[in-house]
Amino acid sequence: MKNSIQKFGKFLSAMVMPNIGAFIAWGFITALFIPKGWFPNERLATLVDPMLKYLIPLLIAYQGGKMVGKERGGVIGAIATLGVIAGSDQAMLIGAMIMGPLAGLVIRAFDRATEGKMPAGFEMLIQNFSIGILGMILAIIGYYLIGPVMATILAFLAGGVAFLVQNKLLPFVAIFIEPAKVLFLNNAINHGIFTPIGAEQAIETGKSIMYMLETNPGPGLGVLLAYWVFSKDKATKSSAPGAIVIHFLGGIHEIYFPYILMNPVIIIAPMVASIATIFYYTIFNAGLTGPASPGSIIAYLAVAPKGETLVVLGGVLIATLISFFVASPIVKLSGNKNLNEASDKVKEMKAEAKGLTNKTGEIKKIVFACDAGMGSSAMGATKFRNRIAHLQTGITVINTSVDNVPADADVVVCQTILQDRAKASAPQAQLVTIGNFLADPNLDTLYAELQAKAKSVTETKQTTTQKQTNTGIMVAKGIQTGLPSVSKEDAITAAGKLLQTLGYVDASYVPAMLEREKTVSTYMGLGVAIPHGTADAKQAVKKTGIVLLQYPEGVDFGEEKAYLVFGIAGIGDEHLDLLAKIGTVIEDEVNLEKLKQAKNPEEILAMFQ
């Protein structure tokens, strides 16, 4: 449940966070130019309303649509959201967070349904009119349905906040906020919930207390000060001053999470401090003109309304003092605590929030898994095996089908779309989800983890490598160079037919290759694709073989271009040595460029001998 909440919260905040600059610009204009602002200006104040009602919702909608449907999703998300904006008198920030991704889903479904079916020469016409027509329909639905519904929901939420404020209950939300922050839900809470609600309040009053609930640096500062003054552990005591600077001035609140996880009962300190401070802010009717992001004291005071700077600063001081006095006796009585272990725990939790489950157990076997366990996973395993060779960890790196992961696997690496199948196949294993097998940030994170745990790291790469031979698996007749650009489907079909012509597979293998591509892309990165059949198509393989089609102008595989298309058909492990050789060759940028520019099959074949 925690992972689901983290994932949902991350999605919400991911729509808002790239646009925080727009919120801040709006907050500054509000603070400076409205009648109660620092420098009242009637003409410039007219910027406030359109920025909040049109600019910010459309930016959020574009980002949400783009996250789901790429650039086309962003455009249709903005179109559809304009209907929601026009259908209500309120600022539709939450409406944009719903309509943007929804429109992205619609255009993504359309693109998948029409992929490979558009008549040649009509692609641009269909693509442009699809956004226009579907966007118009969604905008109309937004105007008549979603806009009014969201207006009702926002009125309910605003009423709920007003009820909490009027009945002095708002301070008690801190009971949920502070623990949630330590679980890395801080951005989700602040940008996914409080910022949209705060914007609604700021329309009427020019400020909102919702901007102050999660971002106050005082509670965390008090905890860090307590450790600096009273910790018995020298390492923890010496690290606290640096953490204070990063937290208080830099606004990176995550820096104090390990200090709480080191002794979880200390969470009481920021909770009590936040309750008292929010109560103080409600008494003085305090608020900020825009979101303070990041939660630095500089950002916090920068968006304080005119005449309320001391009130805002007083809340930070109160939170700091209360948190310090509550945390101090707990730190005194807790004895020596291991900050390194707590920091590792924070890294693990942060990795979970990003979809990278980080276990602390020993890693002995890493399994790269793809749909069929034959092509992309084999090359990915080879590349990663070579990458960690110099670490001398003794870790085994293998590849397999995602549905047949061995029970002794400690780590499973697979594409994001296959993660549910991987979890079902190997529930005991750490799961690393990636975009492609050749170059991915999560693979870099896994490598860094292994490097940190390695007992000894050699300074140079291994001087000897296992000799890999090409025993007829790749032949000159199976290599074609200088081919004109075609569609992805045509390139895969051509590779399949060449495999069939050379007697590696029968005719049923070709449609299986196309079906495999619909399930998970076989684009590997670095301009290389390795299309192959599904797991069910192994019976169509007569003998192991690999063909290569070279496209100097490239073939579109989604947003990337493949210049080298390796068609693969394998029986057992017969093709793995050559596949490993391919992975080694293309890892070298010079060799990769030679493959892309080679003029004849013999030149390419010589590189794989």
Side-chain angles (χ1 to χ4, degrees), residues 11 14-15 18-19 54-55 57-86 95-146 415-417 435-436 483-495 511 513-525 527-529 531 549 551-563 565:
F11 184 81
M15 283 188 277
N19 300 304
Y54 293 96
L55 175 64
L58 291 176
L59 287 173
I60 291 173
Y62 180 86
Q63 181 66 22
K66 185 178 179 181
M67 288 165 58
V68 177
K70 301 181 181 178
E71 284 77 10
R72 283 165 56 77
V75 173
I76 194 173
I79 295 171
T81 300
L82 191 58
V84 178
I85 294 171
M97 295 169 74
I98 294 174
M99 200 60 171
L102 176 61
L105 282 172
V106 170
I107 200 65
R108 187 175 72 179
F110 175 85
D111 289 344
R112 288 180 176 177
T114 58
E115 186 176 3
K117 299 177 182 178
M118 285 185 264
F122 287 83
E123 293 87 353
M124 183 175 293
L125 182 68
I126 294 173
Q127 289 176 352
N128 288 343
F129 270 79
S130 62
I131 287 182
I133 294 171
L134 292 173
M136 175 191 69
I137 294 172
L138 288 172
I140 294 172
I141 294 173
Y143 183 91
Y144 285 108
L145 179 62
I146 298 181
Q415 289 161 299
T416 304
I417 195 171
N436 68 69
L483 299 174
S485 291
V486 294
S487 69
K488 174 177 65 174
E489 291 74 19
D490 287 344
I492 294 172
T493 300
M513 294 175 72
L514 294 170
E515 184 63 29
R516 170 67 172 80
E517 190 66 28
K518 291 179 181 179
T519 304
V520 183
S521 176
T522 56
Y523 179 78
M524 299 290 294
V528 178
L549 306 182
Y551 294 92
E553 301 299 324
V555 173
D556 288 330
F557 272 72
E559 295 182 342
E560 304 287 349
K561 281 186 178 291
Y563 300 91
V565 178

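Note that the coordinates shown come from a computational prediction; the quantities given were computed from them, not determined experimentally.
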How close do [X] and [Y] get, counting heavy atoms only, and between which atoms?
| X | Y | result |
| --- | --- | --- |
| P57 | A96 | O-CB, 3.2 Å |
| M513 | P531 | CE-O, 3.5 Å |
| G554 | S485 | O-OG, 2.8 Å |
| A61 | G77 | CB-O, 3.6 Å |

Pairing residues for [X] by the side chain to side chain contact (heavy atoms under 4.5 Å, CB included) criterion, not counting sequence neighbours:
| X | answer |
| --- | --- |
| A491 | V486, Y551, V555 |
| I126 | F110, M118, P119, F122 |
| Y54 | P50, L82, I85 |

From [X] [atom1] over to [Y] [atom2], what is the distance, rounded to the nearest 0.5 angstrom?
| X | Y | atom1 | atom2 | result |
| --- | --- | --- | --- | --- |
| I60 | L55 | CD1 | CG | 9.5 Å |
| E560 | K488 | CD | NZ | 12.0 Å |
| I141 | M136 | CD1 | CE | 10.0 Å |
| I133 | L138 | CD1 | CG | 12.0 Å |
| I107 | I76 | CD1 | CD1 | 4.0 Å |

Can you tell me which residue pairs pass the salt bridge (Lys or Arg N to Asp or Glu O under 4.0 Å) test with a partner in residues 96-108, sequence neighbours excluded?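 Listed by first then second residue: nothing to list.
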So [Y] and [X], do their side chains get closer than 4.5 Å, heavy atoms only?
| X | Y | value |
| --- | --- | --- |
| P101 | M15 | yes |
| S130 | R72 | yes |
| Q127 | I131 | no |
| Y62 | T81 | no |
| V84 | Y143 | no |
| L514 | T493 | yes |

Return a table of donor-acceptor pairs under 3.5 angstrom between the side chains of residues 64-71 and protein atoms on other chains or two or more places apart.
none

For D556, salt bridge (Lys or Arg N to Asp or Glu O under 4.0 Å) partners two or more places apart: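 K561.
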Quick check against the 3.5 Å criterion: does E517 have a side-chain atom that pairs as donor or acceptor with the backbone of F557?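 No, E517 side chain to F557 backbone: no donor-acceptor pair under 3.5 Å.
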List the steps and the verdict of side chain to side chain contact (heavy atoms under 4.5 Å, CB included) for L59 and Q63. CA-CA 6 Å; L59 287 173; Q63 181 66 22; over 6 Å; no
